[in-house]
Number of protein chains: 2
Amino acid sequence: MSSPVRLLLADDEHLIRGALAALLSLEDDLLVVAEAATGPEALAMARAHAPDVAVLDLQMPGADGVRVATSLRAELPDCRVLIVTGHGRPGHLKRALAAGVRGFVPKTVSAQRLAEIIRTVHAGNRYVDPELAADAISAGDSPLTAREAEVLELAADGAPVTEIAERAALSPGTVRNYLSSAVTKLGAENRHTAVRLARERGWV
Amino acid sequence: MSSPVRLLLADDEHLIRGALAALLSLEDDLLVVAEAATGPEALAMARAHAPDVAVLDLQMPGADGVRVATSLRAELPDCRVLIVTGHGRPGHLKRALAAGVRGFVPKTVSAQRLAEIIRTVHAGNRYVDPELAADAISAGDSPLTAREAEVLELAADGAPVTEIAERAALSPGTVRNYLSSAVTKLGAENRHTAVRLARERGWV
DNA sequence: CACCCCGCATGACAAATGTCAGAAGGCCGA
DNA sequence: TCGGCCTTCTGACATTTGTCATGCGGGGTG
């Protein structure tokens, strides 16, 4: 047999990360060489250990999985990235693929499946959970322009228009226009439902 | 040594549940006798296997951990309940304790710690994560009246006042008054940030 | 019983928000 | 080069919120 697949595991929940490390170590062609709890930590660990495959949680403090994947792609092009996620939003998948991620799976898979998928990814193939893929396709592309999405994101935590305008360095009137067009494009009643809809589709 | 502690594991993420089961099985005084992926399933499994300790995820489809705990308390008073959660909101802890839960820990603990805590809970003691406990104490009690909380909850998804009024069978003016007082009590800028704050503190 | 708080309501006012029209400059593809 | 789209702005308007004063009835507590 050839040398084992060297893995980096990143997940902020110690319980999951530890358990996963233990389970994957049972497979004798897999070897966990590093663990991380945050985005930056994952990056540092990757630099230090140059793993074959990085298994990243999508939601982590610091920088999310996709962001880490982007940096990784630049710094360690040989390191394949596999993203695991609790609740898979359609848009995240698209972003992940755009960032050069090779695999995207929900946490509902079993450890056996995950081990197989790690091997698939390591072999240079891609793997995307069929259900998530179907969701992503049916959700379609975002109808929002870059600015509309940006302004909508700034509106996410309920900030008033003046604050959004400040943070986006735009005139308040412009902000309201973008918000208005985003709301109509999404078929929402107001900016807040618009934010929710965009979130659900992964467009923010 | 006495007979092992019989465990029920409930978590909707197969990956975590399986990994956890494997890890806890390594401890020779712990025995996983049942697993479940949803609230109702957890309940059915508990009835069928009468475990000593039920380890429940807080967020599960069907019925959340606290709901399951309440039912369990009535049907199987001898079954101790331990809740594990990803993001621990202060209010959840309070609700859980009120439901007779014996332990409450975040998923950031290690499997070793979890095993110890399971033993603690099985021995009849309680265990609450110190950090979560501190949060809960500092967050204090909800300053909202029942109606204020109700209206705030209905406002959560960005519905306009008229719709909230309809759904709550209240006059629109009354709704606005409740919203207004909730907003001032929470020190928020508007209803939406108020909803977010109340969510963070577990008051909705 | 008087008092106070809560639930519920109304009315009025100021501020924020949603919507529309119009206009200027930049960039890109036909 | 022209038309179309995106970005950015302004001004005006209707609607929705947020806030406050005030009123009435009910359920406790002292």
Side-chain angles (χ1 to χ4, degrees), chain A residues 91 94-95 98 139-204, chain B residues 91 94-95 98 139-204:
Chain A
K94 199 160 293 190
R95 273 201 308 140
D141 266 356
S142 170
L144 304 174
T145 69
R147 288 299 142 133
E148 283 164 0
E150 184 189 337
V151 169
L152 203 56
E153 199 157 9
L154 288 171
D157 49 356
V161 171
T162 54
E163 194 181 313
I164 301 173
E166 235 173 78
R167 294 218 270 163
L170 287 175
S171 141
T174 307
V175 169
R176 294 201 289 162
N177 286 341
Y178 281 150
L179 247 21
S180 182
S181 80
V183 164
T184 50
K185 277 180 182 175
L186 295 175
E189 295 188 320
N190 55 46
R191 69 167 84 175
H192 304 285
T193 62
V195 167
R196 196 163 45 76
L197 287 173
R199 277 263 158 81
E200 281 170 14
R201 292 166 170 71
W203 290 338
V204 288
Chain B
K94 200 160 293 189
R95 275 201 307 139
D141 267 355
S142 170
L144 304 174
T145 69
R147 287 300 140 121
E148 284 164 359
E150 185 190 335
V151 170
L152 203 56
E153 199 157 10
L154 287 171
D157 50 355
V161 171
T162 54
E163 194 181 314
I164 301 172
E166 236 174 77
R167 294 216 273 163
L170 287 175
S171 143
T174 307
V175 169
R176 291 202 286 160
N177 286 341
Y178 283 151
L179 247 22
S180 181
S181 79
V183 164
T184 50
K185 278 180 181 175
L186 295 176
E189 294 189 324
N190 54 45
R191 69 169 80 176
H192 304 285
T193 62
V195 166
R196 196 163 46 76
L197 287 173
R199 277 264 158 81
E200 281 169 13
R201 291 166 170 70
W203 290 339
V204 288

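Numbers restart at 1 for each chain; the letters A, B, ... are given by sequence-line order, proteins then strands.
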When rounded to whole Å, the CG to P distance for the pair B:Leu186 and D:dG18 reads 13 Å
Discussion item. Between A:Arg147 and D:dC6, is there a contact of a side-chain N or O with OP1 or OP2 at under 4.0 Å?
Written reply: no
dist B:Leu186:CG -> B:Thr193:OG1 (nearest 0.5 Å) comes out at 8.5 Å
Considering only heavy side-chain atoms of A:Thr145, the closest of D:dC9, C:dT17, D:dT7 is D:dT7
query = What nucleic acid atoms does B:Leu170 come within less than 4.0 Å of, heavy atoms only: base, sugar-phosphate, or nothing?
reply = sugar-phosphate
To the nearest angstrom, the NZ-P distance between B:Lys185 and C:dC5 comes to 12 Å
Main chain of A:Gly158, side chain of B:Asn190: is a donor-acceptor contact present, judged purely on distance under 3.5 Å?
yes
With the side chain defined as heavy atoms from C-beta on, B:Val161 is closest, among D:dT17, D:dC6, D:dC20, to D:dT17
Side-chain atoms of A:Ser171 come closest, of D:dT19, D:dT10, C:dG7, to D:dT10
Whole-Å distance, A:Leu179 CG to C:dC20 P, equals 14 Å
Taken to the nearest 0.5 Å, the spacing of B:Arg201 CZ from B:Leu144 CG works out to 10.0 Å
Does B:Arg199 CZ have over 12 foreign heavy atoms under 6.0 Å away?
no
- Distance-only donor-acceptor test, B:Asn177 side-chain atoms vs C:dC8 base atoms, 3.5 Å: no
**Message:** I'd like to know if A:Arg176 reaches the base of C:dG18 with its side chain such that a donor and an acceptor end up less than 3.5 angstrom apart.
**Reply:** yes
For residues 152-181 of chain B, the side-chain hydrogen bond (donor to acceptor under 3.5 Å, both in side chains) pairs (sequence neighbours left out) are B:Glu148-B:Ser181
In whole angstroms, the gap separating C1' of D:dG18 from CZ of B:Arg191 amounts to 9 Å
From CD1 of B:Ile164 across to P of D:dT16 the rounded distance in Å is 13 Å
Taking D:dT19, D:dT17, D:dT8 as options, the one with an atom nearest any side-chain atom of A:Tyr178 is D:dT8
Rounded to whole Å, NE2 of A:His192 lies from C1' of D:dG18 at a distance of 13 Å
Rounded to whole Å, CG of B:Asn190 lies from C1' of C:dA14 at a distance of 16 Å
Rounded to whole Å, the CD-C1' distance (A:Glu150 to D:dC6) equals 13 Å
